[in-house]
Asker: 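If you scroll down you'll find the structure; I have some questions about it.
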Amino acid sequence: MQPEAIREANVRYHDLAAAHYDSKWGISYSDLGRAQVVGKLRKALGGEESFGRGLEIGAGTGYFTLNLLQAGVIERGVATDISPGMLATLSDSAERLGLDVKAVRCEATELPFSDESFDLVYGHAVLHHLPDLEVAFTEFRRVLRPGGRIAFCGEPSYYGDRLAELPKRGAAFVAPLWRTLMRAAPRVGIGPHAESEEDELERVVDVHAFTPDQLERHARAAGLEAVRVQGEELAASLFGWANRSLEATAEPAEVPWAWRQYAHKGYLALQALDRTLLERRLPPAIFYNLLLSARVP
């Protein structure tokens with residue numbers, strides 16, 4: 001796809017998804033949500049840091065910016081996205097939480113901000129949507145002050161993305177039996193010819209899956225130093241994709257509460273296993289998510 005077609009698909013998909021995006025992905029602005037976001041950022045940066053002015057790229061509904069503001073990790077936040085629907089949802093959530101956030105619709109390759117005007121440029125699950133990463137990283141570098149940091153979390157890894165196909169296929173195979181055990185009816189409209197526009201667009205908005213070396217090269221080419229790439233979530237991602245794939249085949253209202261509790265608590269337990277054991281011992285490339293951090297000289 002051409003860059004403009006990718007952009008249009010991303011705007012349309014994220015506008016369609018905005019109203020239910022938080023519930024779909026379990027996004028929270030509670031103590032748990034703050035702990036998850038702060039933990040990811042600190043893992044990417046290699047420790048605890050706080051920042052004056054932060055700029056989020058592809059902020060979506062505000063998962064990172066709103067939680068970082070609540071936690072006091074950033075003092076002032078600017079949230080950017082190309083989707084007006086996402087920014088509207090973000091602004092509504094910010095108002096409900098009593099947070100002052102500037103929401104700006106713009107491209108990552110054309111940031112409407114002065115040189116050296118931010119202390120932190122960050123994002124979550126956004127780089128893989130950007131067609132021109134070379135220009136985008138040059139913009140990130142331009143708007144950062146000397147000594148400023150970048151931190152991007154939740155980027156799909158090339159090998160981890162392929163590993164995730166295994167639980168998805170397994171879930172598709174056992175889904176009829178699972179629905180019987182859960183006493184849940186098949187989702188209305190399920191089937192190869194019943195996809196919604198949002199479902200169809202979801203397959204085309206992801207442009208990249210990265211190796212650690214690819215992310216590092218983009219950062220270094222922009223003149224950044226102290227580049228660090230880590231892996232995150234292996235056991236948790238396999239477990240999570242299996243459960244999400246099963247749940248997607250059933251009517252949401254008929255998936256039992258007990259199952260949802262099992263899936264949620266199991267995911268958190270396996271995140272802890274990944275964090276304390278697997279992430280310290282296995283190569284970043286095999287994990288589902290990659291985290292990137294770097295510094296401006």
Side-chain angles (χ1 to χ4, degrees), residues 13-14 16-40 60-64 66-67 70-71 85-86 89-90 92-93 96-97 124-125 153-154 156 160-161 163-191 194-196 198-199 201-203 206 232-279 287-289:
Y13 166 72
H14 287 95
L16 289 170
H20 56 267
Y21 196 80
D22 285 359
S23 60
K24 177 180 179 179
W25 295 105
I27 290 174
S28 164
Y29 304 106
S30 64
D31 290 344
L32 176 61
R34 287 193 294 278
Q36 290 269 336
V37 169
V38 172
K40 288 177 184 294
T61 58
Y63 176 47
F64 258 51
L66 300 185
N67 277 308
Q70 288 189 109
M86 286 285 181
T89 300
L90 182 153
D92 289 344
S93 295
R96 175 172 51 83
L97 295 167
H124 180 258
C153 306
D161 192 47
L163 281 174
E165 289 299 316
L166 298 176
K168 292 178 186 179
R169 292 174 185 171
F173 180 75
V174 302
L177 174 61
W178 175 82
R179 289 196 303 270
T180 300
L181 294 173
M182 296 296 110
R183 299 181 180 178
R187 183 180 175 186
V188 174
I190 194 169
E195 286 191 315
S196 67
E198 182 182 334
D199 293 331
L201 287 169
E202 190 170 16
R203 294 201 304 270
D206 295 347
E232 183 181 52
E233 295 192 2
L234 178 58
S237 74
L238 297 175
F239 180 79
W241 276 118
N243 292 335
R244 281 193 289 269
S245 299
L246 289 171
E247 292 165 10
T249 71
E251 276 298 294
E254 297 188 18
V255 176
W257 178 85
W259 167 269
R260 294 192 184 279
Q261 287 297 301
Y262 151 78
H264 177 65
K265 292 180 179 179
Y267 180 76
L268 294 179
L270 290 173
Q271 267 192 331
L273 174 67
D274 286 331
R275 185 171 57 250
T276 59
L277 183 65
L278 301 184
E279 290 169 12
F287 287 84
Y288 184 71
N289 290 323

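No experiment lies behind these values; they were computed from the predicted model shown. Computation of the quantities below employed the complete heavy-atom set of this structure, encompassing side-chain atoms and omitting hydrogens, waters and symmetry-equivalent molecules.
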Asker: Is a side-chain N or O of Thr249 found less than 3.5 angstrom from the main chain of Ser245, in a donor-acceptor match?
Answerer: no

Asker: Measure across Val38 and Ala71 and return the closest heavy-atom pair with its distance rounded to 0.1 Å.
Answerer: CG2-CB, 3.6 Å

Asker: Quick one: list whatever passes side chain to side chain contact (heavy atoms under 4.5 Å, CB included) with Arg183, sequence neighbours left out.
Answerer: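 Not a single residue meets the side chain to side chain contact (heavy atoms under 4.5 Å, CB included) criterion with Arg183.
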
Asker: Listed by chain and number, what are the ring-ring contact (aromatic ring centres under 6.0 Å, His included) partners of His124, not counting sequence neighbours?
Answerer: Tyr63, Phe64

Asker: For side chain to side chain contact (heavy atoms under 4.5 Å, CB included), just list the numbers for Leu246 and Val174, CA-CA rounded to whole Å, side-chain angles, deciding distance to a tenth of an Å, and then say yes or no.
Answerer: CA-CA 8 Å; Leu246 289 171; Val174 302; 3.9 Å; yes

Asker: Determine whether a donor-acceptor pair (N or O, by modelled atom type, separation under 3.5 Å) exists between the side chain of Glu202 and the backbone of Tyr13.
Answerer: no

Asker: Once side chain to side chain contact (heavy atoms under 4.5 Å, CB included) is applied, do any residues pair with Ala125, and if so which ones, sequence neighbours excluded?
Answerer: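 Listed in chain order: His128.
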
Asker: Pair up each side-chain donor or acceptor in residues 261-271 with any protein partner under 3.5 Å, not counting sequence neighbours, and list the distances.
Answerer:
{"unit_1": "Tyr267", "atom_1": "OH", "unit_2": "Glu233", "atom_2": "OE1", "d": "2.8"}
{"unit_1": "Tyr267", "atom_1": "OH", "unit_2": "Glu233", "atom_2": "OE2", "d": "2.8"}
{"unit_1": "Gln271", "atom_1": "OE1", "unit_2": "Gln36", "atom_2": "NE2", "d": "3.0"}
{"unit_1": "Gln271", "atom_1": "NE2", "unit_2": "Gln36", "atom_2": "OE1", "d": "3.4"}
{"unit_1": "Gln271", "atom_1": "NE2", "unit_2": "Glu233", "atom_2": "OE2", "d": "2.7"}

Asker: Tell me every residue that passes ring-ring contact (aromatic ring centres under 6.0 Å, His included) with Tyr288, counting only those two or more places apart in sequence or in another chain.
Answerer: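 With neighbours one apart ignored, the set is Trp241.
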
Asker: How far does CG of Asn289 sit from CG of Asp161, to the nearest 0.5 angstrom?
Answerer: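 Spacing of CG (Asn289) from CG (Asp161) equals 10.0 Å.
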
Asker: For Ser93, run the side chain to side chain contact (heavy atoms under 4.5 Å, CB included) check against Leu66, Ile27, Thr61 and tell me which one passes.
Answerer: Leu66

Asker: Can you list every pair that meets salt bridge (Lys or Arg N to Asp or Glu O under 4.0 Å) and has a residue in residues 269-279, with sequence neighbours left out?
Answerer: Lys43-Glu279

Asker: What residues form a side chain to side chain donor-acceptor pair (under 3.5 Å) with Asp92, not counting sequence neighbours?
Answerer: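 None.
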
Asker: To check you understand the geometry: which heavy-atom pair defines the closest contact between Val255 and Glu247, and what is its length?
Answerer: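 Minimum heavy-atom separation between Val255 and Glu247: CG1-CG, 4.4 Å.
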
Asker: Work out which heavy atom in Arg187 is nearest to a heavy atom in Ala248; give both atom names and the distance.
Answerer: CD-O, 3.3 Å

Asker: Could you tell me which residues satisfy side chain to side chain donor-acceptor pair (under 3.5 Å) with Lys168, sequence neighbours excluded, listed by chain and number?
Answerer: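 So Lys168 forms no side chain to side chain donor-acceptor pair (under 3.5 Å) with any residue.
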
Asker: For Glu254, what residues pass the salt bridge (charged side-chain N to carboxylate O under 4.0 Å, His left out) criterion, not counting sequence neighbours?
Answerer: none

Asker: May I have all residue pairs that pass ring-ring contact (aromatic ring centres under 6.0 Å, His included) and include part of residues 164-184, sequence neighbours excluded?
Answerer: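 Applying ring-ring contact (aromatic ring centres under 6.0 Å, His included) to every pair that reaches into residues 164-184, excluding sequence neighbours, yields Trp178-Trp259.
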
Asker: Arg34: what forms a salt bridge (charged side-chain N to carboxylate O under 4.0 Å, His left out) with it, not counting sequence neighbours?
Answerer: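 Per chain and number, Arg34 pairs via salt bridge (charged side-chain N to carboxylate O under 4.0 Å, His left out) with Asp31.
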
Asker: What pair of heavy atoms forms the shortest contact from Ala235 to Leu278, and how long is it?
Answerer: CB-CD1, 4.2 Å

Asker: Going by the rule side chain to side chain donor-acceptor pair (under 3.5 Å), which residues pair with Thr276 if we only count those two or more places apart in sequence or in a different chain?
Answerer: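 Checked Thr276 against side chain to side chain donor-acceptor pair (under 3.5 Å); zero matches.
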
Asker: About how many Å separate CZ of Arg244 and NZ of Lys24, when rounded to the nearest 0.5 Å?
Answerer: 9.5 Å

Asker: With rounding to the nearest 0.5 angstrom, report the OH to CD distance, Tyr29 to Gln70.
Answerer: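 It is 9.0 Å, given to the nearest 0.5 Å.
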
Asker: What closest approach, in Å, do Phe287 and Glu232 show between heavy atoms, and which atom pair accounts for it?
Answerer: CB-N, 3.5 Å

